Amino acid sequence: MAYTTATGNALITLADYKTAEGIQSTKDDTKLELLINSVSQLVKTYCATSFVNFYSTAADGEAANNTKKETLSINWATNIVQLTECPVVQVHSVKERDDLSSAYTTLVANQDYYVDLATDSIYRVSSNGTAKNWSNGPGAVEVLYNAGYADCPSDLKLAIIDLITYYHKDEHKARQTIAGASIQNQGSTSQRNNVAFPDHIKRVLDLYKNF
């Protein structure tokens, strides 16, 4: 089976946004579609996870077409690797190689490795269940898995809707001129080291940020 990377998955629909904002007119639909796609990608980039791109409820042993293929480089002695997409739904396979010239060896679940769904991590273990370090080197571990949500979480949708409005109404601009009048927007954040998202939006995004 060929594994593909899903791209361009918007986190909300145009209908979601217009319902939330009470919009019935279609005159801004093209702009709003663009903002929905752009803000969805912005949120994914900021949170360092894709949310919906790699979600699947495929049966055990069956890898869906949107399975995430992640290659991990191990540069120190450790028996733990943490996956980038979360929350992990299902791990289909884990492979390991000793060096760049070696072929990957497929490991056996609950014998060679253990999946911790609470932390989205994979532990390397010996046959008796004791800790064992992963092989070191570039691309030492390869994992095929599904992770994320069937639909964008409701609280995250609220933040995305507010962020779309923030850009739609040019609230990110410090000064606007409308019909000859100048409008000075207040600073959007009071938080140190904020990337300039409004505080109420950043608080929600940070709940999902993958550090």
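Predicted model, so just to flag it, every value in this text is computed and none were measured.
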List in chain and number order the residues that pass side-chain contact (heavy atoms from CB on, under 4.5 Å) with Thr105, two or more places apart in sequence or in another chain; answer none if no residue qualifies. none
Report the residues that fulfil salt bridge (charged side-chain N to carboxylate O under 4.0 Å, His left out) with [X], sequence neighbours left out, ordered by chain and then residue number.
X     : value
Asp98 : none
Asp28 : none
Arg97 : none

Ignoring hydrogens and angles, state whether a donor on the side chain of [X] or [Y] is under 3.5 Å from an acceptor on the partner side chain.
X      : Y      : result
Thr26  : Asp29  : no
Thr165 : Asp162 : no
Tyr46  : Asp206 : yes
Thr84  : Glu70  : yes

hydrophobic_cluster_shared for [Y] and [X], side chain cutoff 4.5 Å:
X      : Y      : result
Leu156 : Tyr149 : yes
Ile160 : Leu158 : no
Val43  : Leu34  : no
Leu42  : Ile164 : yes

[X] side chain to [Y] main-chain N or O, any donor-acceptor pair under 3.5 Å?
X      : Y      : result
Gln82  : Thr119 : yes
Glu85  : Ser50  : yes
Ser135 : Ala140 : no
Asn133 : Ala77  : no
Asn37  : Glu33  : yes

[X]: hydrophobic cluster co-members (side-chain, 4.5 Å):
X      : value
Leu72  : Ile74, Val81, Leu83, Val88, Val91, Val94, Leu107, Tyr113, Val115, Leu117, Ile122, Trp134, Val141, Val143, Tyr145
Leu100 : none
Val108 : none

Measuring from [X]:[atom1] to [Y]:[atom2], what's the distance to the nearest 0.5 Å?
X      : Y      : atom1 : atom2 : value
Trp76  : Asn136 : CH2   : CG    : 9.5 Å
Thr67  : Phe54  : OG1   : CZ    : 9.5 Å
Ser126 : Asn79  : OG    : CG    : 9.5 Å
Arg203 : Asp155 : CZ    : CG    : 14.5 Å

Is there side-chain contact between [X] and [Y], with at least one heavy-atom pair below 4.5 Å?
X      : Y      : value
Tyr123 : Asp116 : yes
Cys47  : Tyr208 : yes
Val89  : Ser56  : no
Leu144 : Lys69  : yes
Phe51  : Leu11  : yes
Asp112 : Arg124 : yes
Lys132 : Val125 : no

For Cys86 and Ala147, work out which heavy atoms get closest and say how close. N-CB, 4.0 Å
Smallest separation among heavy atoms of Thr71 and Gly139, with atom names: CG2-CA, 3.4 Å
Can you list every pair that meets salt bridge (charged side-chain N to carboxylate O under 4.0 Å, His left out) and has a residue in residues 143-154, with sequence neighbours left out? Asp151-Lys157
List the residues meeting side-chain hydrogen bond (donor to acceptor under 3.5 Å, both in side chains) with [X], not counting sequence neighbours, and say none if there are none.
X      : answer
Asn110 : none
Lys31  : His168
Thr78  : none
Thr130 : Asn128

Going by the side-chain contact (heavy atoms from CB on, under 4.5 Å) test, name the single residue among Asn53, Val52, Asn146, Asn9 that passes it with Asn66. Asn146
